[in-house]
Amino acid sequence: MTITTTRRGLLAGAALAVPAIWGRDAVAQIRRGDELTVGIWGGLQERITREFCATPLERQHGVKINYVLGGTPERRARAYAERGRPSFDLLYLNIFESRQAVKDSVTQAPTANVPNFANLYPLARIGGYAVAFNPVTIVYDRRMVAAPMTSWKHFWREDLKGKVIWPTYPGAQGTAGLLMSAKVWGGSENNIDPAFSKIAELKPFAAIQGSQDQLYGMFDQQVGAASIEFGSFTRTYAETRNPNIVIAEPEEGQAVAANFACITAGTRNQALAEAFVNLHLSPECQQAYAERTYYSPTIRNLTLPPELAAKLIMGEAAVEKLIDFDWDVVIRNQPRWSSRFTREIAG
């Protein structure tokens, strides 16, 4: 079933969501005075989850939700150090970290104990509960290219010579650039040589970028024409600051990236953690993500206004077109590839 949500009553709907969608047995395990510790990024993600997850649970059950804000490396390291005796009940990781954490018995595999698990796309059920798709793609300045960029191979066009701002490696953007270059030029994560050879052909670069802020500053100054970046953040940048920037939809697909809610192995607040995740996967919370951050929903039972949906990854066909990788291979080779990138690409 598909649910169409509106701005009217979103907070009220979230506040009422727990008794409406949560089974009696699970609710009975949530005790007044329980505290849940959530490790997540700050900014909009904290504010949205406070509004749609933490506040309804606190009001409904008399519990307390504690947030630990910061970057993924810090909370991942803490979760590994505390394996089996976690201070986190729930933490948010990226796509490959979440899968590895389950294998390492740091976090739990997702289950149908979270009712909204049933609404997740298959890709969103691996390694945790994906709460947002945020794919990495080609972004470019329409003023500085001879024609639209509709393929990853277009970085090698004549009109882009000396105009490419390549992302550093490692990092989500640099990883996407490396792996997609391998894919379109006959290689793969198991045969990375074609990627390094072809990327080296793009030299000299207009620049190498190491962050979104750095890239957007370069675009402001027209340092280069094209790069690789998260589509969601770049769309916000384009709409608020630089309307000349285009978020491409390459024919080969965009490189998958996603944020996952991961319940820790050994948590003493299992039911409360599952309730929090369930609310994060509610249509109301997913719509807020889409409207405020251009994060694409990971659930099927959500219909958005056409003008918003057109800017997101929506529907089975679009999700299936996202390019996933063998992250075990990527993680295992990251140190070697990083040294090679420094030597052959950045040097």
Side-chain angles (χ1 to χ4, degrees), residues 41 45 72 76 92-103 107 109-110 117 119-139 149-153 155 167 169-185 187-192 195 212 227-236 247-262 280-281 286 289-290 293-300 302 309-334 337:
W41 303 272
Q45 297 198 65
T72 309
R76 179 177 180 273
Y92 287 76
L93 298 172
N94 66 34
I95 189 168
F96 64 85
E97 291 171 336
S98 63
R99 296 179 186 183
Q100 190 63 44
V102 172
K103 292 179 181 179
T107 60
F117 172 86
N119 300 318
L120 288 170
Y121 292 105
L123 183 59
R125 298 179 175 186
I126 306 172
Y129 308 85
V131 297
F133 289 129
N134 186 25
V136 181
T137 190
I138 300 165
V139 297
M149 297 181 70
T150 58
S151 167
W152 289 88
K153 287 186 174 181
F155 278 110
Y169 181 88
Q173 300 91 326
T175 300
L178 186 67
L179 296 177
M180 289 305 301
S181 296
K183 180 178 176 65
V184 301
W185 292 113
S188 69
E189 53 267 54
N190 291 295
N191 176 20
I192 208 68
Q212 290 160 21
S227 190
I228 298 166
E229 190 49 80
F230 290 109
S232 60
F233 303 131
T234 305
R235 191 172 299 281
T236 299
I247 295 85
E249 297 182 11
E251 60 190 32
E252 302 91 350
Q254 300 182 24
V256 68
N259 297 337
F260 280 76
C262 305
H280 203 159
L281 298 176
Q286 292 276 295
Y289 258 42
T293 68
Y294 288 129
Y295 277 178
S296 295
T298 56
I299 58 172
R300 298 185 181 95
L302 174 63
K311 301 174 181 179
L312 305 171
I313 304 299
M314 292 289 295
E316 298 278 358
V319 171
E320 288 176 2
K321 195 174 180 181
L322 292 174
I323 306 301
D324 199 8
F325 303 101
D326 186 336
W327 294 105
D328 288 341
V329 173
V330 176
I331 294 168
R332 184 168 63 250
N333 284 284
Q334 189 177 85
W337 292 351

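Please read these numbers as outputs of a predicted model, since none were measured by experiment. Atom set for the values below is all heavy atoms of this structure, side chains included, hydrogens, waters and symmetry mates excluded.
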Would you find a donor on one side and an acceptor on the other, under 3.5 Å apart, between the side chain of [X] and the backbone of [Y]?
{"X": "E252", "Y": "S151", "value": "no"}
{"X": "Y121", "Y": "G315", "value": "yes"}
{"X": "E189", "Y": "D326", "value": "yes"}
{"X": "W152", "Y": "T137", "value": "no"}

So, for [X] and [Y], which heavy atoms are closest and what is the spacing to 0.1 Å?
{"X": "L312", "Y": "Y295", "answer": "CD2-O, 4.0 Å"}
{"X": "A172", "Y": "V136", "answer": "O-CG2, 4.3 Å"}
{"X": "K153", "Y": "V184", "answer": "CE-O, 3.0 Å"}
{"X": "P250", "Y": "K321", "answer": "O-NZ, 4.0 Å"}
{"X": "V131", "Y": "A261", "answer": "CG1-CB, 4.0 Å"}
{"X": "P122", "Y": "R300", "answer": "CD-NH2, 3.3 Å"}

Looking at side-chain heavy atoms only, is the closest gap between [X] and [Y] below 4.5 Å?
{"X": "P167", "Y": "E229", "value": "no"}
{"X": "V139", "Y": "I247", "value": "yes"}
{"X": "I95", "Y": "D324", "value": "yes"}
{"X": "L179", "Y": "W337", "value": "yes"}
{"X": "D328", "Y": "F96", "value": "no"}
{"X": "M180", "Y": "F325", "value": "yes"}
{"X": "Y289", "Y": "Q45", "value": "yes"}
{"X": "L120", "Y": "L281", "value": "yes"}

Roughly how far, to the nearest 0.5 Å, is [atom2] of [Y] from [atom1] of [X]?
{"X": "S98", "Y": "W327", "atom1": "OG", "atom2": "CH2", "result": "10.0 Å"}
{"X": "Q286", "Y": "I299", "atom1": "CD", "atom2": "CD1", "result": "4.5 Å"}
{"X": "F260", "Y": "I126", "atom1": "CZ", "atom2": "CD1", "result": "7.0 Å"}
{"X": "T298", "Y": "N134", "atom1": "OG1", "atom2": "CG", "result": "12.0 Å"}
{"X": "I313", "Y": "E320", "atom1": "CD1", "atom2": "CD", "result": "12.5 Å"}
{"X": "T107", "Y": "Q100", "atom1": "OG1", "atom2": "CD", "result": "10.0 Å"}

Would you check, one step at a time, whether the test side-chain contact (heavy atoms from CB on, under 4.5 Å) holds for I192 with N333?
CA-CA 10 Å; I192 208 68; N333 284 284; over 6 Å; no

Parallel, tilted or perpendicular: which one describes the rings of H280 and Y92, with boundaries at 30° and 60°?
tilted

Checking F155 against I138 for the side-chain contact (heavy atoms from CB on, under 4.5 Å) test, could you report, in this order, the C-alpha distance in whole Å, the side-chain angles of both residues, the deciding distance, and whether it holds?
CA-CA 9 Å; F155 278 110; I138 300 165; 3.7 Å; yes

Is the number of heavy atoms from other residues, nucleotides or ligands within 6.0 Å of CD (Q212) greater than 12?
yes

